[in-house]
Colleague: 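Take this structure, written in structure tokens, and hold onto it; I'll ask about it next.
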Amino acid sequence: MIVRHDVPEERYLADPGRFAAVGAFSPDGDHACLINDRWLITAAHVAVDLITGAPITMNDGQVLYVDRIVLHPEFLDEPTRHDLALLRTNSIVSGIVPLTLYDSGDERGRTATLIGRGDFGTGLTGSIGNDRLLRIAMNRITDVTEQWLKFRFDPPGSQDVLDLEGISGDGDSGGPALVRTGFNQCCLAGRSSWQADHGQEGRYGVVEHYVRISRYLDWISSIVI
């Protein structure tokens, strides 16, 4: 996660046990989220390099193994779009509560929690390295298109900046954007994909794009049974 330069770094550190349904393919990141007792969701640009048998270590320490990889059918034709993939594990997962998929179309303006073990840095420096620690950041969904949830990395002092403002870094791909419903349930609304950075990756002002889960519910349900 790339974070504010004027907030103590320790405030962004996350307790992995709070996010057991999120896992990483390597100590440096690239993530997937458990959405039922056999299936995970991730970025197609991450999954395209996986093979069956690939391990993923969940935040509670469990190691799962992938036995089926399903890329969105339009991803290979349009690699910057439909950046979504589903992964089946080789056995039933126990002891982890899966994430619920957000199924409403009212994402714009909502505050989301972003999670990942990717590169860290600040809005002044951009990415400066990877220490393999799990971080949490907050951002507001500023725009919604058919396929994307968009987040702007606002600098300190701006009208819309949040206390724990941040965005994804390299290695946070596949990580979740979580929003709360009226029942205070934490739901998976988006999945980290790419930045419109104009050569300023990770710096204040960049716009982060997360795949909009609600747009893909029919496709997900056709695979995940």
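Computation of the quantities below employed the complete heavy-atom set of this structure, encompassing side-chain atoms and omitting hydrogens, waters and symmetry-equivalent molecules. Throughout, numbering of the chain's residues begins at 1 and tracks the sequence.
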Colleague: According to salt bridge (Lys or Arg N to Asp or Glu O under 4.0 Å), who are the partners of D103, at least two apart in sequence or on a separate chain?
Modeller: none

Colleague: Determine, for R132 against D28, whether the closest basic-nitrogen to carboxylate-oxygen distance falls under 4.0 angstrom.
Modeller: yes

Colleague: How long is the gap from CG on L134 to CE on M1, to the nearest 0.5 Å?
Modeller: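 Output value for this atom pair is 8.5 Å.
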
Colleague: Is there a path of hydrophobic side-chain contacts, each under 4.5 Å between heavy atoms, that joins L162 and F153?
Modeller: no

Colleague: Using only heavy-atom distances, determine whether the side chains of Q185 and T100 contain a donor-acceptor pair under 3.5 Å.
Modeller: yes

Colleague: Go through E107 and R212 one step at a time and tell me if the side-chain contact (heavy atoms from CB on, under 4.5 Å) criterion holds.
Modeller: CA-CA 9 Å; E107 299 99 334; R212 186 184 185 190; 2.8 Å; yes

Colleague: Using side-chain heavy atoms (C-beta onward) and a distance below 4.5 Å, is L13 in contact with R135?
Modeller: yes

Colleague: Mind checking whether L101 and I115 sit in one hydrophobic cluster, side chains of I, L, V, M, F, W, Y counted as touching below 4.5 Å?
Modeller: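 Linked, L101 and I115 end up in one cluster.
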
Colleague: Kindly say whether V66 contributes a backbone atom to a donor-acceptor pair with the side chain of N90 at under 3.5 angstrom?
Modeller: no

Colleague: Do L149 and M138 sit in the same hydrophobic cluster, where Ile, Leu, Val, Met, Phe, Trp and Tyr count as joined when their side-chain heavy atoms come under 4.5 Å apart?
Modeller: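 Same cluster: L149 reaches M138 through Ile, Leu, Val, Met, Phe, Trp or Tyr contacts under 4.5 Å.
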
Colleague: Given side chains that start at C-beta, do those of Y204 and P156 come closer than 4.5 Å, heavy atoms only?
Modeller: yes

Colleague: Rounded to the nearest 0.5 Å, how far does CD1 of I96 lie from CG of L34?
Modeller: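 Reported to 0.5 Å precision, the distance equals 6.0 Å.
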
Colleague: Start with the C-alpha gap between D160 and R152, add the side-chain angles, then the distance that decides, and say whether salt bridge (Lys or Arg N to Asp or Glu O under 4.0 Å) holds.
Modeller: CA-CA 10 Å; D160 296 325; R152 185 179 62 249; 3.4 Å; yes

Colleague: Check L178, L99, T113 against C186 for a side chain to side chain contact (heavy atoms under 4.5 Å, CB included) and give me the one that passes.
Modeller: L178

Colleague: Is it true that I41 and L64 fall in one hydrophobic cluster, defined by side-chain heavy atoms closer than 4.5 Å?
Modeller: no

Colleague: Compare every heavy atom of G202 with every heavy atom of I167, then report the nearest pair and how far apart it is.
Modeller: CD1-CA, 4.1 Å

Colleague: Is the side chain of E208 donor-acceptor paired with the backbone N or O of F151 at a distance under 3.5 Å, no angle test?
Modeller: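 The answer is no, because no donor-acceptor pair under 3.5 Å joins these two groups.
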
Colleague: Taking the inter-plane angle between the rings of W194 and W148 on a 0 to 90° scale, is it parallel (under 30°), tilted (30 to 60°) or perpendicular (over 60°)?
Modeller: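 Answer is perpendicular, since the angle exceeds 60°.
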
Colleague: Is any side-chain heavy atom of F120 less than 4.5 Å from a side-chain heavy atom of V3?
Modeller: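 No - every pair of side-chain heavy atoms lies 4.5 Å or more apart.
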
Colleague: Before you tell me yes or no, could you show the steps for Y102 and R180 under side-chain hydrogen bond (donor to acceptor under 3.5 Å, both in side chains), namely the whole-Å CA-CA distance, both residues' side-chain angles and the distance that decides it to 0.1 Å?
Modeller: CA-CA 9 Å; Y102 193 72; R180 292 194 177 276; over 6 Å; no

Colleague: Looking only at heavy atoms, what is the nearest atom pair of Y210 and G175, with distance?
Modeller: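 Closest approach of Y210 to G175, heavy atoms only: CE2-O, 3.6 Å.
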
Colleague: State whether the number of non-hydrogen atoms from other residues, nucleotides or ligands found under 6.0 Å of I92 atom CD1 is greater than 12.
Modeller: yes

Colleague: Ignoring hydrogens and geometry beyond distance, is a side-chain donor-acceptor pair present between T52 and Y65 at under 3.5 Å?
Modeller: no

Colleague: Do the side chains of S127 and I2 get nearer than 4.5 Å, heavy atoms only?
Modeller: yes

Colleague: Atom SG of C33 and atom CD1 of I213: how far apart are they, to the nearest 0.5 Å?
Modeller: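 Answer rounded to 0.5 Å: 8.5 Å.
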
Colleague: Specify the closest pair of heavy atoms between D15 and F19, including all atoms of both residues, with the distance to one decimal.
Modeller: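 For D15 and F19, the tightest heavy-atom pair comes out as O-CD1, 3.7 Å.
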
Colleague: How far apart are the closest heavy atoms of M58 and A20, and which atoms are they?
Modeller: CE-O, 3.6 Å

Colleague: Does any donor atom in the side chain of T57 or Q62 lie under 3.5 Å from an acceptor atom in the other side chain?
Modeller: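 No, no side-chain donor-acceptor pair sits under 3.5 Å.
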
Colleague: For S192 and S173, run side-chain hydrogen bond (donor to acceptor under 3.5 Å, both in side chains): C-alpha distance rounded to whole Å, both residues' side-chain angles, the deciding distance at 0.1 Å, then the answer.
Modeller: CA-CA 5 Å; S192 178; S173 291; 5.0 Å; no

Colleague: Roughly how far apart are I136 CD1 and R11 CZ, rounded to 0.5 Å?
Modeller: 11.5 Å

Colleague: Is the number of heavy atoms from other residues, nucleotides or ligands under 6.0 Å of R108 CZ greater than 12?
Modeller: yes

Colleague: Using atom types as modelled and distance alone, determine if a side-chain donor or acceptor of T122 lies under 3.5 Å from a backbone N or O of L124.
Modeller: yes

Colleague: Which Ile, Leu, Val, Met, Phe, Trp or Tyr residues join V207 in one cluster when any pair of side-chain heavy atoms under 4.5 Å counts as a link?
Modeller: none

Colleague: If you measure from OG on S193 to CG on L84, what distance do you get to the nearest 0.5 Å?
Modeller: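 Going from the OG atom of S193 to the CG atom of L84 covers 9.0 Å.
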
Colleague: First locate atom CD of E165, then atom CG of D6, and finally report the distance between them rounded to the nearest 0.5 Å.
Modeller: 10.5 Å

Colleague: For E201 and Q195: C-alpha separation, side-chain torsions, deciding distance, then whether side-chain hydrogen bond (donor to acceptor under 3.5 Å, both in side chains) applies.
Modeller: CA-CA 7 Å; E201 183 176 2; Q195 281 183 28; 4.9 Å; no

Colleague: Looking only at side chains, do Y216 and R191 share a donor and an acceptor under 3.5 Å apart?
Modeller: no

Colleague: Does some side-chain heavy atom of L114 sit less than 4.5 Å from a side-chain heavy atom of N139?
Modeller: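 Counting from C-beta outward, N139 and L114 do come under 4.5 Å.
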
Colleague: Answer yes or no: is there an ion pair linking R215 with E146, defined by an N-O contact shorter than 4.0 Å?
Modeller: yes

Colleague: If you measure from the Lys or Arg side-chain nitrogens to the Asp or Glu carboxylate oxygens, is any gap between D172 and R117 under 4.0 Å?
Modeller: no

Colleague: Any chain of hydrophobic side-chain contacts (each under 4.5 Å) joining F25 to L188?
Modeller: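 Hydrophobic grouping puts F25 apart from L188.
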
Colleague: What pairs of donor and acceptor atoms, side-chain ones from residues 218-225 against any protein atom, are under 3.5 angstrom apart with sequence neighbours left out?
Modeller:
| residue | atom | partner | partner atom | Å |
| --- | --- | --- | --- | --- |
| S221 | OG | L217 | O | 3.1 |
| S221 | OG | D218 | O | 3.0 |
| S222 | OG | W219 | O | 2.6 |

Colleague: Under the side-chain contact (heavy atoms from CB on, under 4.5 Å) rule, what do Y12 and V7 come out as? Steps first, then yes or no, please.
Modeller: CA-CA 9 Å; Y12 286 95; V7 174; 3.7 Å; yes

Colleague: Would a 4.5 Å heavy-atom cut-off, applied to side chains only, mark Q147 and H82 as touching?
Modeller: yes

Colleague: How close do A44 and D83 get, heavy atom to heavy atom, and via which atoms?
Modeller: N-OD1, 2.9 Å

Colleague: Would you mind reporting whether K150 and I141 have side-chain heavy atoms less than 4.5 Å apart?
Modeller: no

Colleague: Does this structure show an ion pair linking R38 with D67, if we count only N-O contacts that are shorter than 4.0 Å?
Modeller: yes

Colleague: Indicate yes or no: at least one non-hydrogen side-chain atom of L87 is less than 4.5 angstrom from one of L50.
Modeller: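 They are in contact (side-chain heavy atoms under 4.5 Å apart), so the answer is yes.
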
Colleague: Which heavy atom of A189 sits nearest a heavy atom of V179, and at what distance?
Modeller: CB-CG2, 3.8 Å

